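Just so you know, these numbers come straight off a predicted model, no measurement behind them. The chains referred to below are lettered A, B, ... by the order of the sequence lines, with proteins before strands, and numbering in each begins at 1.
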Number of protein chains: 2
Amino acid sequence: MDLRQMRYFLALAEERNFTRAAARLHIAQPPLTRQIRALEQALGSVLFLRTPKGVELTEAGHALLDEVPNLLALAQRARDRAQLAGQGRTGRLDVGIFGSGIFDVIPRLLARFHAERPDVRIVLHNHTKAEQIEALRERRIAIGFNRLVPAENDLVVETVLREKLVVALPENHRLARRRKLALADLDDEPMILYPKQPMAGLAQRVIQAFTLDDVRLRIEQEVEDVLTGIALVVGGFGFCITTESSTNLRLPGVAYRPLDCEHLRDIELACLYRKGDTSPVLAAFLEIVRGSPKRRARKISGTRHLIRESRQ
Amino acid sequence: MDLRQMRYFLALAEERNFTRAAARLHIAQPPLTRQIRALEQALGSVLFLRTPKGVELTEAGHALLDEVPNLLALAQRARDRAQLAGQGRTGRLDVGIFGSGIFDVIPRLLARFHAERPDVRIVLHNHTKAEQIEALRERRIAIGFNRLVPAENDLVVETVLREKLVVALPENHRLARRRKLALADLDDEPMILYPKQPMAGLAQRVIQAFTLDDVRLRIEQEVEDVLTGIALVVGGFGFCITTESSTNLRLPGVAYRPLDCEHLRDIELACLYRKGDTSPVLAAFLEIVRGSPKRRARKISGTRHLIRESRQ
DNA sequence: AACGAACGATACCTCGACGGTATGGGAGGC
DNA sequence: GCCTCCCATACCGTCGAGGTATCGTTCGTT
């Protein structure tokens, strides 16, 4: 019993005439006769009564006819789903994100991917750098975004873009009148440092630059995420060095000024995924990621559809 | 894409190893490799990643694996149902019955059939003789029971049994003291005649016999069914000639005595069905019907399971 | 009553596909 | 470095699918 016989059976059951059913199936009448007979023998039941005017269904035929359309529909669905999944048009993409990365480029990438592959479910996971690497190895996520990612031999790290750094400071701060700032301008100014704890990539770089340029560092507060940092800036606690994409975080009373510094020129945003991952969904997403830099000037928009899960 | 490939796919997806899956399928490994590749080409999606240690499922493979067990189960169910229906082990039997036929042999036949074929739904339809014939032609019933059925050229009439006739009369009637009665004993006695209207088979025969034997007929009441007739006997309106199987209708105050009459010896109970009806359910039921006479001495029992519908 | 049309069954043929055996090639493990 | 395991490839025989031609039966028509 195979699917071809099921299709033949259905055609004959509907046409109630071998000749017409064969025509509909684009085969000659004798092969149809033979296939139906083979099916009847396989089942051990007569399915059709042959009459001079055509055929009619027996009870066994009716019983089978009750099932066959479901069967064929299910087969079609199985085929469709496998095809769609194979093209990466359906399925799911688990993405690891981190605190300050969620303001500009990542939501835009996800929005574009969603527009292209509306049937792929995007699931976001907030992870620190170390957690992302672990989650990738355990296949809980397919791709992660982070900054200053160390090389790992089972993971691929691709730089998505390099972001300039900016200084966030109170609008009424005396330095806010300047169009751009050098590191020396920040000498001994109260500073809000972040991230404090989770894989201190940016903070480390900032401290390093201050040391290299021999500028005095006065850490007023240490915080764990940008949002808190900027909130403290609004509160007048000091300035904060952050990435350009954070300027999307427009809070009243805060001003952003470009930072011009040789040792702290820009900071990379990278994505990382498993070496040898053949997932078509991932491949499609990486295409979006790689094609992105050209159009990165736009602002956040249309990200409402995103599913956000702290952890799956 | 056919069911064989689905079975192969499932085996490989479960074993995650071509060699073992092939062994499980009782084929060599190369044909399995070829079938899987053919399936992948048909779908246009890679289903398995070949690794040195075996294979693992791709996303397309997982998507297909979600569907395949359902598909195979449905195919199996379709096959089973068609087979069962073909053997007459499932399905439905619509039976036409009539008033006085429901007391003895028909319920026994139905009970025996139900015991043998518990998955066949038996549906009873109360019909007069003419209605039964019409219902048979319109395929609303597969078999009918009746008495004194005229020959029809598209229907088969088979005598199920010949029933002796009895006289039902009040217990305290003077004739009730006799062990058996002749027609002459009923001369000018008040009589309850049935059936009055629906195809007066028995009534006609009774009148005919009285005429032939030159016995005076005094029709006190004409009724349409046995039950009413016997009820009137209980009420003392007169006697009633009915079939032996009616004696199962034990009402207080009524006595049944065999009728000994040359011209009214017995009356046949026949079943009728469509000529050329190949229904396996019907065939199975007819076997029961034909095998019945040998054991017809038993009383009614176990008929509670019957579905009774006045009309479907 | 004989003929023709319609329909399914049968006979026979060709070719493609399935399964089998033998063998190749690549990755890990002792 | 060799052995083992696993999948892929090459080649062969057989079975089965579909095609054409034709037959037998049953209607309806002439």
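Put simply, CD1 on A:Ile27 is 17 Å from P on D:dG16, counting in whole angstrom units. Straight-line distance from the NE2 atom of B:His26 to the C1' atom of C:dG20: 16 Å, rounded to whole Å. Atom CG in A:Asp2 sits roughly 13 Å away from atom C1' in C:dC18 (whole-Å rounding). Rounded to whole Å, atom P of C:dG20 lies 11 Å from atom CG of B:Leu32. The interatomic distance linking B:Leu49 (CG) with C:dA27 (C1') rounds to 16 Å, in whole Å. B:Arg20 has its CZ atom 12 Å from the P atom of D:dC5, to the nearest Å. A:Gln5 has its CD atom 11 Å from the C1' atom of D:dG16, to the nearest Å. One interatomic measurement links the two molecules: CG of B:Leu25 to C1' of C:dC18, which rounds to 14 Å at whole-angstrom precision.
Here A:Arg50 reaches the OP1 or OP2 of C:dA9: one of its side-chain N or O atoms lies under 4.0 Å away. At the phosphate of C:dC7, neither OP1 nor OP2 sits under 4.0 Å from any side-chain N or O atom of A:Gln29. Here A:Thr19 reaches the OP1 or OP2 of C:dG8: one of its side-chain N or O atoms lies under 4.0 Å away. The phosphate of C:dG19 has OP1 or OP2 within less than 4.0 Å of a side-chain N or O from B:Tyr8. The phosphate of C:dA9 has OP1 or OP2 within less than 4.0 Å of a side-chain N or O from A:Thr33. For A:Arg37, a side-chain nitrogen or oxygen approaches OP1 or OP2 of C:dT10 to under 4.0 Å.
For B:Arg137 and B:Asp154, the salt-bridge test passes: some basic side-chain N is under 4.0 Å from an acidic carboxylate O.
For A:Arg117 against A:Ala284, the heavy-atom pair with the smallest separation is NH1-CB, 3.4 Å.
With distances taken from any side-chain atom of A:Ala28 to the nucleotides D:dT9, D:dG19, D:dG18, the minimum falls on D:dG19. Closest to the side chain of A:Pro30, out of D:dC7, D:dA10, D:dA21, is D:dA21.
Under 3.5 Å, the side chain of B:Arg4 and the base of C:dG19 form no donor-acceptor pair of N or O atoms.
Rounding to the nearest 0.5 Å gives a distance of 7.5 Å between CD of B:Glu158 and CD1 of B:Ile143. Taken from CZ in A:Phe113 to CD in A:Glu287, the straight-line distance is 10.0 Å, to the nearest 0.5 Å.
By the side chain to side chain contact (heavy atoms under 4.5 Å, CB included) test, B:Glu56 pairs with A:Arg139, B:Leu49, B:Thr51, sequence neighbours left out.
Using a 4.0 Å heavy-atom cutoff across all strands shown, B:Phe48 reaches no nucleic acid atom at all. Residue contacts for A:Pro52: at a heavy-atom cut-off of 4.0 Å it reaches the sugar-phosphate backbone alone, with no base atom in range.
With DNA chain C read from its 5' end, the first of the two nearest nucleotides for B:Lys53 and A:Lys53 is the one closest to A:Lys53. Both A:Gln35 and B:Arg34 sit near DNA chain D, but only B:Arg34 has its closest nucleotide nearer the 5' end.
Between A:Phe285 and A:Phe145, the two ring planes are perpendicular [angle over 60°; tilted spans 30° to 60°].
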